Amino acid sequence: MQYFRLYLYSLLLFCPLLLHSAVYFVDNVYGKDSYSGLSPEKAWQSLEQVNAQIFVPGDLILFKSGGFWRGQLAPKGSGDAQKPIRISSYGDGLPPLIDGGGIEGTGVLRLYNQSYWEIEGLEITNFATAPGDRRGIEIKAANSGLIQHIHLKNLIIHDIKGIVGNSLTAKKTAGIYIAVTDDSEKSTRFHNILISNCEIYNIQNQGIVTNNEVTHADYPGTDAWHRRKFTGLIIRNNIVHHISKNAMIVRLAEGGLVEHNLCYETALGITGNTIFSRSSRNTVFQYNEGFSNRSIDYDGSLYDPDYSSPGTIWQYSYSHDNAHGLLWVCTTDTDRDIEVRYNLSVNDRGILFYLNYPVSGIRIHHNNIIIPSYLHPTLLKERTDYAHTYSFENNTIINTSQNTNVLLDISQQKQQSRQIGQNTLFGNLPNDPTGLLNDFSLVLPADIRTESSYASTYSFAEDTTETTTENTTILGTVNGIPIEKIELLEELKLQRATWFANTDGDYAKLEAIVLEQLIRKKLEEQDLIHQGIVPPRWIQSTQIEAEQSSNNQKRSALQETGGVVYGPTRFTRHQWAQYRHLNYMIKLKDKLAEKEFDLSAPLLSAYFEQNQHLFNSRKQFADYRGNEASVKLHYLEEQYEQRLNEKLAAAEINLNKATISQLIRQTKLINQE
């Protein structure tokens, strides 16, 4: 019998004409592993049964919508160019949910030395109480030649408890991680990788990572780099948020596109720029939006052409409200032909353009920078102990701040080959002790234009569409602010994985979690209304839905006519609701910083001294002023949280608990029957 099995396995490997593709079904409730899996009525039940199969080109593996599985999904086999193997879902309901159950040293979904896979429509998580070596999706290869056509689409990946840190081990813990682990016997690399329309959030440590674990330090164009490079890489239309470090690390890319991604609430646990490249050449980063990078020390910008990034292009993107600014240059001294152009920076906080590590050629041109009166960032800075060859030309700066700085190097310690000119300034001249930036084309403050005058762009915008509250169900109020049924249902969807993984279905605990989140949100909305940030109707679900529809239509129309669209080409209702709420909250906190909170120099200085392990971990700053933007941002956040907790303790809460409990228990979150 053993020899027969070996003979049959050999036929499967070497006689593909004998293989026939099939559709397999997986149902966690009504399936049985003893079934054939070839119909919904004869579905398999477990991940183990799926993992035991060797799938062939054209196979389709469908998981039941609303189903829940705990463990690892690691199917075997490869498709081909005409017939990739696909994983998706069937039936109505929420996406199939796979919880790794805390597994370490791997991904919840794993492919190894496999090509031609398309995976879509799953929800993936890996809860744990302690940090560990964890990934949401792990695509790895070793000594296997060209691995190609891995398409990851419409996935929800969240709550991956990895390792917060700057070590290489920490940088391997991610939402999506694609890497070669060994190429000592055979050159191995990836081609045709697509990551699109995914939402990735609550991740330690990174969002999306490409890597070669042998080395990712080969310089682009060398023979070693060609043997390891990623080709045909596209990362598009993803929303990546609430990440402890970087949203994306793009290593070893030859060409490729990173576009229409939205990244926010990044560097929440340690330093990090939002998106950066490493050992990549001619890669284009465009139409991305990034805000609320909260880096506590260095870094903190939307973009970073990092070590060995020649010929990379960073264009048509929107950076706003970050701890630092649009660009943090961490290149190698031989890097040249880097373009940074046609970007928009609004309300960025620290260093907006930082020439950090050495570079042989970077052009920063035709960018629009808007600096409000209540901020005092550094517009342009050169690090004094490295040489830089660059140009800063044809940029437009709207500056209503009295305290914007320019810090150019006149020490002669290193060669600074700069070309600065033909920039247009609206408003106040930056403080420039060197006098090197005085060739601005100056426009008087009375002629300052607004952001909207730059036209043909679209990002977060306040919609004035009139709506009504008809056909809405109110479940209660918090200080008079209504909680609507649709908000409860959305929050249930968000919390279902956390709830089920941690309590195995205790509805009382789910109710407590959901109501706490909703009550806090209502208190924030009350603040937004009372501070005049939004009118009352803008918190209504009908208003949100009208804005979502209107925004999606505008984005579609702009794309068709060649206009610039920052971030995703469309939002779901929940994505738009969260996005607009967080943008309003930035405005609220900035307003409170001006009018209510004490952010005086003595307080900030003391806060910096107490938290030097965070704000000065690289020993770069003599006092808080060197990293004032990050210090102020985090102190303000602490002050606001304290204020919110006080409001929570005093809140007048009127809820229809019976109706809420009934709704929660009737909502089909997990197939358990």
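If you read the sequence from its start, that first residue is 1, and numbering goes on from there. Both backbone and side-chain heavy atoms feed into the values below; hydrogens, waters and symmetry mates do not. Note that the structure is predicted; figures quoted are calculated from it, not measured.
Looking at Asp590 and Arg349, a side-chain N of the basic residue comes within less than 4.0 Å of a carboxylate O on the acidic one, giving a salt bridge. In summary, Arg86 and Glu120 do not engage in a salt bridge, as defined by a charged side-chain N under 4.0 Å from a carboxylate O.
No hydrogens or angles considered: a donor-acceptor pair under 3.5 Å links the side chains of Tyr303 and Ser317. A donor-acceptor contact closer than 3.5 angstrom is absent between the side chains of His581 and Glu525. Under the 3.5 Å distance criterion, with hydrogens and angles disregarded, a donor-acceptor pair is assigned to the side chains of Ser244 and Asn205. For the residue pair Asp297/Thr271, the side-chain donor-acceptor check at 3.5 Å is not satisfied. Side-chain contact, Gln148 with Asn192: no donor N or O sits under 3.5 Å from an acceptor N or O. Between the side chains of His158 and Glu199, no donor-acceptor pair of N or O atoms lies under 3.5 Å. Checked by atom type, the side-chain pair Thr434/Asp432 shows a donor-acceptor distance below 3.5 Å. The closest side-chain donor-acceptor pair between Lys245 and Asn166 falls under 3.5 angstrom. Using a 3.5 Å distance cut-off with no hydrogens or angles, the side chains of His191 and Thr231 do pair a donor with an acceptor.
The environment of CZ in Arg573 is crowded: more than 12 heavy-atom neighbours from other residues, nucleotides or ligands sit within 6.0 Å.
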query = Is there a side-chain hydrogen bond (donor to acceptor under 3.5 Å, both in side chains) between Gln286 and Gln315 once you walk through the steps?
reply = CA-CA 5 Å; Gln286 63 184 12; Gln315 63 182 9; 2.7 Å; yes
key: Stepwise side-chain hydrogen bond (donor to acceptor under 3.5 Å, both in side chains) test for Ser277 and Thr312   = CA-CA 9 Å; Ser277 60; Thr312 52; 4.9 Å; no
request  = Could you walk me through whether Leu355 and Arg383 pass the side-chain contact (heavy atoms from CB on, under 4.5 Å) test, one step at a time?
outcome  = CA-CA 6 Å; Leu355 279 301; Arg383 184 166 170 173; over 6 Å; no
key: Asn293/Thr274 under side-chain hydrogen bond (donor to acceptor under 3.5 Å, both in side chains): CA gap, chis, key distance, verdict   = CA-CA 7 Å; Asn293 180 304; Thr274 301; 3.1 Å; yes
message = Does His320 form a side-chain hydrogen bond (donor to acceptor under 3.5 Å, both in side chains) with Asn347? I'd like the steps, not just the answer.
response = CA-CA 5 Å; His320 62 102; Asn347 301 351; over 6 Å; no
message = One pair to check against side-chain contact (heavy atoms from CB on, under 4.5 Å): Ile160 and Ile200. What are the steps and the verdict?
response = CA-CA 10 Å; Ile160 307 298; Ile200 302 168; over 6 Å; no
ask   = Where do His151 and Ser196 land on the side-chain contact (heavy atoms from CB on, under 4.5 Å) test, with the steps shown first?
value = CA-CA 8 Å; His151 291 186; Ser196 70; over 6 Å; no
request  = Please assess His149 against Glu118 for the test side-chain contact (heavy atoms from CB on, under 4.5 Å), listing each intermediate value before the final yes or no.
outcome  = CA-CA 8 Å; His149 195 103; Glu118 297 181 358; 2.8 Å; yes
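Counting only distance, with no hydrogens or angles, the side chain of Asn246 and the backbone of Gly207 share no donor-acceptor pair below 3.5 Å.
Residues meeting the salt bridge (charged side-chain N to carboxylate O under 4.0 Å, His left out) test with Glu487, sequence neighbours left out: Lys521, Lys522. Remark: Gln531 pairs with Ile533, Leu588, Lys591, Leu592, Glu596, Arg643 by the side-chain contact (heavy atoms from CB on, under 4.5 Å) rule, at least two apart or across chains.
Between Tyr354 and Tyr298, the shortest heavy-atom distance links the atoms OH-OH, 3.8 Å. What you find for Val250 and Val258 is that their closest heavy atoms are CG2-CG2, 4.1 Å. Minimum interatomic distance between Asn261 and Asn237 (heavy atoms only, all atoms of both residues): OD1-N, 3.4 Å. Between Arg189 and His226, the closest heavy-atom pair is CD-O, 3.7 Å. Looking at every heavy atom in both residues, Arg281 comes nearest to Pro220 through CB-CB, 3.7 Å. Closest heavy-atom contact between Ile539 and Ile544: O-CD1, 4.2 Å.
The structure places CD1 of Ile370 at 8.5 Å from OG of Ser345, a figure rounded to the nearest 0.5 Å. Distance CD1/Ile234 to CD/Glu259: 7.5 Å, rounded to 0.5 Å.
His260 pairs with exactly one of Phe285, Tyr318, Tyr316, Tyr287 by the ring pair (Phe, Tyr, Trp, His ring centres under 6.0 Å) rule, that one being Tyr287.
Between Tyr201 and His242, a ring centre-to-centre spacing not shorter than 6.0 Å is recorded. A ring-centre distance under 6.0 Å is not found for Phe276 and Trp328.
Looking only at side-chain heavy atoms (C-beta outward), Ile397 and Ile371 come within less than 4.5 Å of each other.
Taking the six-membered ring where the residue is Trp, Tyr342 and His365 present perpendicular rings, their angle passing 60° and hence far from 30°.
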